[in-house]
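A short worksheet on the structure shown next.
By convention in this document, chain letters (A, B, ...) are assigned in the order of the sequence lines, proteins followed by strands, and residues within each chain are numbered from 1.
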2 protein chains.
Amino acid sequence: MPKQVDHDERRRRLTEALLRIAGTRGLQAVSMREIAAEAGVSLRVVQYYFTNKQALLDSGLAELGSRMDRRVRQRAAATTGGPSTRDLFAAVLGAILPSDEQSRLDSLAWTAYYTAALTDPALAATGLTLPNALEDFLTTRLATAQQAGDITPDRDPRTEVAALLALANGLTSSVLSRQRSHEAAAAIVGYHLDRLFGPAAAPPHR
Amino acid sequence: MPKQVDHDERRRRLTEALLRIAGTRGLQAVSMREIAAEAGVSLRVVQYYFTNKQALLDSGLAELGSRMDRRVRQRAAATTGGPSTRDLFAAVLGAILPSDEQSRLDSLAWTAYYTAALTDPALAATGLTLPNALEDFLTTRLATAQQAGDITPDRDPRTEVAALLALANGLTSSVLSRQRSHEAAAAIVGYHLDRLFGPAAAPPHR
DNA sequence: TCTGAATGGATACAGTCGTATCCTAACGCG
DNA sequence: CGCGTTAGGATACGACTGTATCCATTCAGA
């Protein structure tokens, strides 16, 4: 393997090692040498494919963002055909809550990044702006549903969406700290969707 | 000042310096030497009054917990006389959201501790169990209000309280990252309290 | 076949970290 | 008045950090 190497693939491996460490031992446990050990390569290799530690951290954040994005889109797409607005909301909010071990690790890493960005300007510069696009998307979707009569006119779509996303966020915290199971958190989300859309339309109740 | 010194007062000063750093530059910026500089003393003094860095961190967490507790109790007590259940909930949830600069710093420090505890067993051992007691208190309070007819019988008090606390938690995140102002967050909480208790009982609407 | 770029192993450097030790100054108490 | 405890200044230690450098391979292209 001495010469022609796929740089993107190498970088991807290293980024995955970084996220594995961040998800299990925290962001402060992430060092160049730890990443090298986790990826099974030497320190020099990590230096070779990433100029900086900052570049490495940026790459980790980008990968994390695209993972989250992919998860939400997949779940939303899974409710194909004639997805009711309620189903869409259930899918999107369910995608935010950590369900399996992988999404738990990603959520932990994401939380670590988020917290670090609150006090570290270098992290804050890089994007943490995904939630906003999602909020806008869901708001227009809910407003449309309101005009169609799916929810009562006294609801404010923007406030409802903001609250639901904040709720999912807060529930994620409690799931990560093992105060609550994923199922318990999902039940609370379902409870609120019932109140918003009226009791579940019979079939998609889980 | 050579001999008799108030140890508790010294420790308090150092703990405050620690929380000031954690709230402004993050928990990873907290070092023995930084605390010493922030408190205007030498490194030796920090070592003298705290055997460990861990003891210092524990002290910081304890202080943070008692500050939060005090804030909630003060706001709750401020609604004296015949506080409606709605007023109590508004007070408690309002106390959780960061309002002034001080509570913002404390919330930042608390978030940093919380995140660190998710992956650092040494922190997880020390308490982060305040929310539970609050949840129980609010649940019995809401159940009583339900028996009194203040809220409709189809609400589940435990789920409602869990959701409200998770909502406040999620909103706190967004306030800390400056995605939302304190007022916007409080408005969302008020919106939900209105739905739970019926439109505000006229006067305490702000 | 030769050469030069690509790849990565080994080691070094200057800082910072938590912690430990040495030593001096100042006071309460006998 | 002296003595021992208390309070803290100064310094050092080994571990770890990000980054830089030196060097040996290995292969593609002329």
Side-chain angles (χ1 to χ4, degrees), chain A residues 1-22 24-61 112-113 116 119-123 125-126, chain B residues 1-22 24-61 112-113 116 119-123 125-126:
Chain A
M1 80 184 70
K3 211 173 180 193
Q4 221 68 326
V5 176
D6 184 344
H7 280 222
D8 286 342
E9 196 268 350
R10 273 288 206 261
R11 272 190 273 265
R12 206 168 39 90
R13 277 220 194 305
L14 292 172
T15 303
E16 284 167 4
L18 155 59
L19 292 181
R20 234 173 295 136
I21 297 173
T24 53
R25 278 174 292 160
L27 208 50
Q28 92 292 342
V30 170
S31 75
M32 299 270 143
R33 285 165 239 257
E34 282 295 328
I35 294 171
E38 175 72 29
V41 298
S42 77
L43 169 61
R44 184 66 177 87
V45 172
V46 181
Q47 286 189 283
Y48 190 74
Y49 290 99
F50 287 95
T51 62
N52 259 350
K53 183 183 184 181
Q54 189 59 47
L56 202 26
L57 290 176
D58 290 352
S59 169
L61 185 52
Y113 267 105
T119 48
D120 180 359
L123 260 307
T126 321
Chain B
M1 79 187 68
K3 211 167 176 198
Q4 222 68 326
V5 176
D6 185 343
H7 280 222
D8 286 342
E9 196 269 349
R10 272 288 205 263
R11 272 189 273 263
R12 205 169 40 88
R13 277 220 195 302
L14 292 172
T15 302
E16 283 166 5
L18 154 59
L19 292 183
R20 234 172 296 136
I21 297 173
T24 52
R25 278 175 291 159
L27 208 50
Q28 93 291 345
V30 170
S31 76
M32 300 268 139
R33 285 165 239 256
E34 281 296 326
I35 294 171
E38 174 72 28
V41 298
S42 77
L43 169 61
R44 183 68 176 84
V45 172
V46 181
Q47 286 189 282
Y48 191 75
Y49 290 100
F50 287 95
T51 61
N52 260 348
K53 183 183 185 181
Q54 189 58 48
L56 202 26
L57 290 176
D58 290 352
S59 170
L61 185 53
Y113 267 106
T119 48
D120 179 0
L123 260 306
T126 320

With A:R12 via salt bridge (Lys or Arg N to Asp or Glu O under 4.0 Å) - residues at least two apart =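 Partners of A:R12 under the salt bridge (Lys or Arg N to Asp or Glu O under 4.0 Å) test: A:E16.
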note = A:R25 meets the salt bridge (Lys or Arg N to Asp or Glu O under 4.0 Å) criterion, sequence neighbours left out, with A:E34
task = Applying side-chain contact (heavy atoms from CB on, under 4.5 Å), run through A:M32 and A:L56 and close with a yes or a no.
result = CA-CA 9 Å; A:M32 299 270 143; A:L56 202 26; 4.1 Å; yes
Just the rounded figure in Å: distance from [atom2] of [N] to [atom1] of [X].
| X | N | atom1 | atom2 | result |
| --- | --- | --- | --- | --- |
| A:L57 | D:dT19 | CG | P | 10 Å |
| B:K53 | C:dA20 | NZ | P | 15 Å |
| B:L18 | C:dG18 | CG | P | 11 Å |
| B:I21 | C:dC17 | CD1 | P | 10 Å |
| A:M32 | D:dA20 | CE | P | 11 Å |
| A:I35 | D:dT19 | CD1 | C1' | 14 Å |
| A:R13 | C:dT7 | CZ | P | 16 Å |
| B:Q54 | C:dC17 | CD | P | 17 Å |

ask   = Taking the side chain of B:Q47 as its heavy atoms from C-beta onward, which of D:dG8, D:dT17, C:dA20 lies nearest to it?
value =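 Minimum distance to the B:Q47 side chain belongs to C:dA20.
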key: Residue closer to the 5' end of DNA chain D, B:L43 versus B:H7 (nearest nucleotide)   = B:H7
request  = Find which nucleotide of DNA chain D each of B:D6 and B:R33 is nearest to by heavy atoms, and output the residue with the more 5' nucleotide.
outcome  = B:D6
ask   = For DNA chain C, whose closest nucleotide is more 5', that of A:V41 or that of A:Y48?
value = A:Y48
ask   = Within the pair B:N52 and C:dT19, is there a side-chain N or O less than 4.0 Å away from OP1 or OP2?
value = yes
message = Less than 4.0 angstrom between a side-chain N/O of A:S42 and OP1 or OP2 of C:dG8, yes or no?
response = no
ask   = Which distance, rounded to the nearest 0.5 Å, do you find between the CD of A:Q54 and the CG of A:L123?
value =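 It is 6.0 Å, given to the nearest 0.5 Å.
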ask   = Atom OH of A:Y48 and atom CG of A:L43: how far apart are they, to the nearest 0.5 Å?
value =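 A:Y48 OH to A:L43 CG: 15.0 Å, rounded to 0.5 Å.
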query = How is A:Y49 classified with respect to the nucleic acid when contacts are heavy atoms under 4.0 Å: base, sugar-phosphate, or nothing?
reply =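 Contact class for A:Y49: sugar-phosphate only.
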ask   = When only distance counts, do a donor and an acceptor, one from the side chain of A:R44 and one from the base of D:dT21, lie under 3.5 Å apart?
value =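 When only heavy-atom distances are counted, A:R44 does reach the base of D:dT21 through a donor-acceptor pair under 3.5 Å.
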